[in-house]
Colleague: 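Here it is: the structure, laid out below.
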Amino acid sequence: MIRLKKSAVSLLALFCAASLFTSTVFGDYKISTGADNNSTINKITAPIDTGAESFYDKNSVYKLPDTVSDDQTISLIVETGAESVIDSYHESGSALSLEEYATTSQARGIANRADAESARAKAKLTAAGIDYVAGETYNTIFSGFEIEVRAGDFSEINSVLGNATVIVGEEYEPAAVTEVVTNDVDVYETGIFDSSKSEYQGDGVVVAVLDTGLDYTHSAFSVSNFTSSDKAFNLQNVSEKVGNTVAASYNTGLTGEDVYVSDKVPYAYDYADKDSDVFPLNSEHGTHVAGIIAGKDDTITGVAPNAQLVIMKVFSDYSDGAKTSSILAALEDCVVLGVDIINMSLGTSCGFSREVDEENVNEIYESIKAAGISLIAAASNDY
């Protein structure tokens with residue numbers, strides 16, 4: 001059973017094949033079978049170009065894009081296929097919300113078994129002599145882990161892991177802060193949509209912003225400008241949940257006080273640099289986006305000024321780009337915390353991944369949506 005807040009609700013291909021004539025190659029002979037089922041055998045000269053290679057699914061034969069060199073370090077996300085917490089939730093038909101279900105003993109048992117399966121998969125890689133650097137571990141939105149490896153080992157890793165799904169992680173550039181343009185719809189002078197006549201102002205709604213961080217000293221996020229009487233998150237309930245987050249696995253003893261900024265921003269964590277300071281050094285884009293969503297001061301009024309913000313910084317202060325693995329870790333904690341809406345306004349991708357990688361990641365996104373969380377991605381940032 002999916003439970004949705006009214007105020008939080010946001011607005012395979014058909015395949016057909018016919019064959020009248022087939023050809024099969026056996027050694028130096030070609031056997032041709034027509035529609036009348038009569039067969040002829042003709043001697044032909046080897047080698048034979050069957051043209052079959054054009055039908056290969058290169059994603060299935062472990063081929064990386066030509067832009068990736070063997071010596072390049074890449075991030076791989078491995079889905080082991082073990083049951084995840086969100087899988088168990090969908091199958092259980094529980095009347096609980098996903099956030100509530102994730103705290104049950106049944107869900108913790110699923111998570112422990114998922115972690116054990118990830119450990120077994122890593123042991124296979126070690127036994128095969130493959131060098132890797134272990135990264136994130138996942139058990140909530142899917143079961144698996146991240147490793148950083150030499151691109152030249154990609155094919156062997158797929159072979160060693162067998163039926164596991166191996167996703168090539170992307171890196172995203174920060175999106176640029178856009179200038180205000182002429183807009184014919186009802187907007188403030190800042191260019192932000194004027195929602196003042198709307199019934200919904202964001203009360204009781206929690207929006208997670210996965211971006212470059214937040215200037216939490218900005219007046220638009222001051223508690224003096226935050227007047228909502230319906231606050232879904234507070235220091236107490238954040239403190240109760242923080243121990244089950246991915247963030248807590250990075251920093252031993254992480255507490256609610258570590259991630260709590262204010263009632264306006266009751267949770268903030270840097271998943272790229274693995275600390276609780278989300279103040280951005282390189283890009284103001286995250287602050288820009290958060291202000292549009294829920295900012296409020298004398299100059300800025302966001303679309304939902306009474307909403308609370310969960311800030312999940314996925315862009316590092318010390319290196320370029322946001323890794324898929326960091327984004328997935330933040331999404332895990334979105335589920336654990338029980339946010340209503342997730343906003344991902346990411347920039348251009350580096351082009352490491354393949355079409356099948358995008359499909360596999362999109363399946364994870366869809367499972368989050370199916371659990372009742374609106375996940376919004378700004379596609380226009382990547383053309």
Side-chain angles (χ1 to χ4, degrees), residues 59 62 74-94 96-128 130 132-149 154 157-170 210 241 243-250 271 312 314 323-338 342 353 356-373 375:
N59 293 315
Y62 317 137
I74 58 174
S75 168
L76 300 181
I77 292 96
V78 178
E79 286 190 83
T80 63
E83 187 177 28
S84 67
V85 171
I86 205 167
D87 293 333
S88 176
Y89 173 72
H90 290 314
E91 292 170 5
S92 71
S94 174
L96 300 174
S97 68
L98 176 56
E99 169 204 354
E100 293 166 338
Y101 180 80
T103 65
T104 64
S105 58
Q106 180 179 356
R108 297 323 304 163
I110 294 290
N112 290 338
R113 289 192 287 275
D115 291 343
E117 186 60 32
S118 291
R120 283 190 285 271
K122 291 176 188 176
K124 288 182 181 179
L125 296 175
T126 300
I130 296 173
Y132 67 88
V133 176
E136 320 291 350
T137 299
Y138 311 96
N139 54 41
T140 302
I141 56 175
F142 72 99
S143 293
F145 57 94
E146 181 218 9
I147 52 175
E148 290 190 351
V149 298
F154 180 68
I157 289 168
N158 278 272
S159 298
V160 169
L161 293 178
N163 293 327
T165 299
V166 180
I167 301 170
V168 182
E170 280 282 14
L210 278 63
K241 298 172 185 177
N244 295 323
T245 61
V246 175
S249 70
Y250 301 147
Y271 289 83
M312 296 180 161
V314 293
K323 295 170 61 179
T324 299
S325 56
S326 298
I327 294 168
L328 293 175
L331 291 176
E332 287 247 320
D333 284 354
C334 284
V335 171
V336 171
L337 294 169
I342 301 166
S353 68
V356 70
D357 298 319
E358 295 178 5
E359 292 171 356
N360 289 328
V361 171
N362 284 340
E363 286 181 7
I364 297 171
Y365 293 169
E366 289 296 331
S367 71
I368 295 171
K369 173 185 174 184
I373 300 175
L375 194 158

Colleague: Taking the side chain from Thr104 and the backbone from Glu100, do they hold a donor-acceptor pair closer than 3.5 Å?
Modeller: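 Between the backbone of Glu100 and the side chain of Thr104 there is no qualifying donor-acceptor contact (under 3.5 Å).
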
Colleague: For Thr80 versus Gly144, what's the shortest heavy-atom pair and its separation?
Modeller: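 Looking at all heavy atoms of both residues, the shortest contact is CG2-CA, 4.1 Å.
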
Colleague: Can you classify the ring geometry of Tyr89 versus Tyr101 as parallel (below 30°), tilted (30 to 60°) or perpendicular (above 60°)?
Modeller: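 Rings of Tyr89 and Tyr101: tilted, 30 to 60°.
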
Colleague: Say you draw a straight line from OG1 of Thr137 to CD1 of Ile147; how long is it, rounded to the nearest 0.5 Å?
Modeller: 11.0 Å

Colleague: Tell me if a side-chain donor or acceptor on Tyr138 pairs with a main-chain N or O of Ser325 at a distance below 3.5 Å.
Modeller: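 A pair under 3.5 Å: yes.
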
Colleague: Could you give the distance from CG (Leu161) to CG (Leu125), rounded to the nearest 0.5 Å?
Modeller: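 So the CG of Leu161 and the CG of Leu125 are separated by 4.5 Å.
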
Colleague: Atom CG in Asn158, atom CG in Asn163: separation rounded to 0.5 Å?
Modeller: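 Output value for this atom pair is 11.5 Å.
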
Colleague: Could you report the tightest heavy-atom contact between Ser88 and Glu83, atom names first, then the distance?
Modeller: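 Closest heavy-atom pair between Ser88 and Glu83: CA-OE2, 3.4 Å.
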
Colleague: Looking at every heavy atom in both Lys241 and Leu337, which two are closest together, and how far apart are they?
Modeller: NZ-O, 2.8 Å

Colleague: Go through Glu136 and Leu328 one step at a time and tell me if the side chain to side chain contact (heavy atoms under 4.5 Å, CB included) criterion holds.
Modeller: CA-CA 9 Å; Glu136 320 291 350; Leu328 293 175; over 6 Å; no

Colleague: To the nearest 0.5 Å, how far apart are CD1 in Ile364 and OG1 in Thr324?
Modeller: 9.5 Å

Colleague: List the atom of Val160, the atom of Lys124, and the distance in Å for their closest heavy-atom pair.
Modeller: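 That closest heavy-atom pairing would be CG1-O, 3.7 Å.
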
Colleague: Could you report the tightest heavy-atom contact between Ala164 and Val78, atom names first, then the distance?
Modeller: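 For Ala164 and Val78, the tightest heavy-atom pair comes out as CB-CG1, 3.9 Å.
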
